Number of protein chains: 2
Amino acid sequence: MTGTSSRSTDAAHGPAARRSDASRSAILAAARERFAADGYERATIRAIAGDARIDPSMVMRYFGSKDGLFAAAVALDLRMPDVSQVPRTEVGQALVGHFLDIWEANEELTAVLRVAVTNQAGTERLQSIFREQVVPVARLVCPDPEQVAARAGLCAAQLLGLALTRYVVRLPPVVALAREEILAWLGPTVQRYLTAPSP
Amino acid sequence: MTGTSSRSTDAAHGPAARRSDASRSAILAAARERFAADGYERATIRAIAGDARIDPSMVMRYFGSKDGLFAAAVALDLRMPDVSQVPRTEVGQALVGHFLDIWEANEELTAVLRVAVTNQAGTERLQSIFREQVVPVARLVCPDPEQVAARAGLCAAQLLGLALTRYVVRLPPVVALAREEILAWLGPTVQRYLTAPSP
DNA sequence: AGTGTGGGCCAACAAGTGTTGACTGCGGAT
DNA sequence: ATCCGCAGTCAACACTTGTTGGCCCACACT
């Protein structure tokens, strides 16, 4: 792109652009798809490499191991919205809507969820996403600091349950729900878990 | 041939008691444990047979295949309570409590959930449990027959989400919740999903 | 006694897994 | 033109998986 000539002048380009970047991202895309569709064990390196039209040994050279590939494929950023800009009474709906957005934008979250159920590394990945990206947002909304973790956990239970039944197990009635229905049903639930007085 | 040479004591005991029944149930118990702990692919027949202190080939002879073993191991009965005996306003809490009970009574539900995420047969098993055991109960509580499926689906999303975060992924704040806290938080949610007017 | 049904063990198979190493050839730097 | 680094290929390794068939022995029946 930027003239292959400026190879030695990698001054401000961060990590020097490698000739194999196309293959790398092809592998990562295929990996996300396979992990999301099949889970960790059934997403074989051979299948991923086949999807990316590349030799399996290249996957090893680039990412070291299957675990390394998974770690590189799902470096997940939830892009949580700035809830301080949202009216206190609508934060529940806003969060549910945001989660629906990112869940349908790409397959990374589905991949993390599927893998987290059978793979230790996946479990830890999901736990760290919760700890580092979900809990801090709850901290901004939630009155009592001591209850932040529990309230965030309740929200995670509701939202992951929706994702599980809608995108993984695909219970027909849950798949059939329209976006507005989900917002109307789950929004108040999340709102209550975050802001209602402790029962 | 029907020459099953009726054993001396099997007069009217239904399916004649076999000499290998001890081994069979040992295998089934080990299978439930492994499926619950490891999911479908990582729960190997060899490991299950090892736990049951029996040869792997016996598993094949008794259950035909790994799929057959799974089907036999998790013939799940939710033992749903008779909700018509429960006051309309407490049915939510009653259902949440019941699910906590059976989830902690044995590992069958955890096994079904773990397997359902990566295995097609497991997915169908979970779907049929929902269709045949959860939806009918919702039908008794729910006013509008057209909304029964959707409302049951919402309850499943909340309850499976709790199970996922508490027993599978084990998010620390969710694991730390006491039974009464869960009842107090989730009871009203399930209650609303079942009986509140459509939003 | 003998006998045969069937529970149990052993060894092996074919297929598929992650992973490794040696080899080829293109392209940019010298 | 020459060299060197690195993307890419091929083949193989060591291992595990589900699954199969043959064999041995215990026991209940005649």
Side-chain angles (χ1 to χ4, degrees), chain A residues 1-10 13 15-28 30-31 34-35 38-73 115 118-121, chain B residues 1-11 15-28 30-31 34-35 38-73 115 118-121:
Chain A
M1 303 285 274
T2 55
T4 52
S5 56
S6 58
R7 192 60 177 284
S8 51
T9 66
D10 57 302
H13 287 166
R18 274 161 302 197
R19 203 176 359 143
S20 60
D21 279 351
S23 304
R24 292 181 108 88
S25 56
I27 293 173
L28 288 177
R34 285 278 178 179
F35 281 133
D38 296 339
Y40 190 81
E41 353 281 337
R42 293 193 18 212
T44 69
I45 286 191
R46 282 174 163 88
I48 293 168
D51 290 354
R53 263 181 263 276
I54 242 175
D55 192 90
S57 64
M58 299 309 294
V59 178
M60 300 301 297
R61 186 184 300 184
Y62 291 155
F63 301 101
S65 68
K66 190 178 179 179
D67 281 310
L69 173 62
F70 174 73
V115 172
T118 47
N119 181 269
Q120 183 61 24
Chain B
M1 287 296 206
T2 57
T4 48
S5 67
S6 46
R7 310 178 67 79
S8 51
T9 60
D10 74 323
R18 273 162 303 196
R19 201 168 10 134
S20 58
D21 280 351
S23 303
R24 293 182 105 91
S25 56
I27 293 173
L28 288 176
R34 285 279 178 179
F35 281 133
D38 297 337
Y40 190 82
E41 353 281 338
R42 293 193 18 210
T44 70
I45 286 191
R46 282 174 163 87
I48 293 169
D51 290 354
R53 263 179 263 276
I54 243 173
D55 191 88
S57 63
M58 300 310 296
V59 178
M60 300 301 298
R61 186 183 298 185
Y62 291 155
F63 302 101
S65 69
K66 190 178 180 180
D67 282 309
L69 172 63
F70 174 73
V115 172
T118 49
N119 181 268
Q120 183 60 27

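In what follows, chains carry the letters A, B, and so on, assigned in the order in which the sequence lines appear, proteins first and then strands, with residues in each chain numbered from 1. What you see is a predicted model; the values in this text were computed from it and never measured.
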Would you kindly give the [atom1]-to-[atom2] distance between [X] and [N], to the nearest whole Å?
X       : N      : atom1 : atom2 : result
B/Arg42 : C/dG18 : CZ    : P     : 14 Å
B/Arg61 : D/dG22 : CZ    : C1'   : 11 Å
B/Ile48 : D/dG18 : CD1   : C1'   : 12 Å
B/Asp55 : D/dC25 : CG    : C1'   : 15 Å
A/Ile27 : D/dA7  : CD1   : P     : 11 Å
B/Ile54 : D/dT19 : CD1   : C1'   : 17 Å
B/Glu41 : C/dG16 : CD    : P     : 15 Å
A/Tyr62 : C/dT20 : OH    : C1'   : 16 Å

From the set [options], return the single nucleotide nearest to any side-chain atom of [X].
X       : options                : result
B/Pro56 : D/dT19, C/dG18, D/dT17 : D/dT19
B/Met58 : D/dT9, C/dG7, D/dT19   : C/dG7
B/Arg46 : C/dC9, D/dG8, D/dT19   : D/dT19
B/Met60 : D/dT19, C/dC10, C/dG18 : D/dT19

Residue whose closest nucleotide on DNA chain C lies nearer the 5' end, A/Thr44 versus A/Gly64:
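The residue whose closest nucleotide sits nearer the 5' end is A/Thr44.
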Heavy atoms only, 4.0 Å cut-off, all strands: where does A/Ser57 land among base, sugar-phosphate and nothing?
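The residue A/Ser57 makes base contact.
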Which part of the nucleic acid, if any, lies within reach of A/Ser65 when heavy atoms closer than 4.0 Å are counted: base, sugar-phosphate only, or nothing?
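Since only primed, P, OP1 and OP2 atoms lie under 4.0 Å of A/Ser65, the category is sugar-phosphate.
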Is any side-chain heavy atom of B/Leu69 less than 4.5 Å from a side-chain heavy atom of B/Leu28?
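Yes. Closest side-chain heavy atoms under 4.5 Å.
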Heavy-atom pair with the smallest gap, counting every atom of A/Ser25 and A/Ala22:
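That would be OG-O, 3.1 Å.
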Could you go through residues 42-50 of chain B and list every donor-acceptor pair under 3.5 Å that involves a side-chain atom there, pairing it with any protein atom two or more places apart or in another chain?
from	atom 1	to	atom 2	distance (Å)
B/Arg42	NH1	A/Thr118	O	2.7
B/Thr44	OG1	B/Ala47	N	3.0

B/Asp55 vs B/Ser57, side chain to side chain donor-acceptor pair (under 3.5 Å): CA-CA, chis, key distance, verdict
CA-CA 5 Å; B/Asp55 191 88; B/Ser57 63; 2.6 Å; yes
Quick one, A/Tyr40 with A/Lys66, criterion side-chain contact (heavy atoms from CB on, under 4.5 Å). Give me CA distance, side-chain angles, the key distance, then yes/no.
CA-CA 9 Å; A/Tyr40 190 81; A/Lys66 190 178 179 179; 3.5 Å; yes
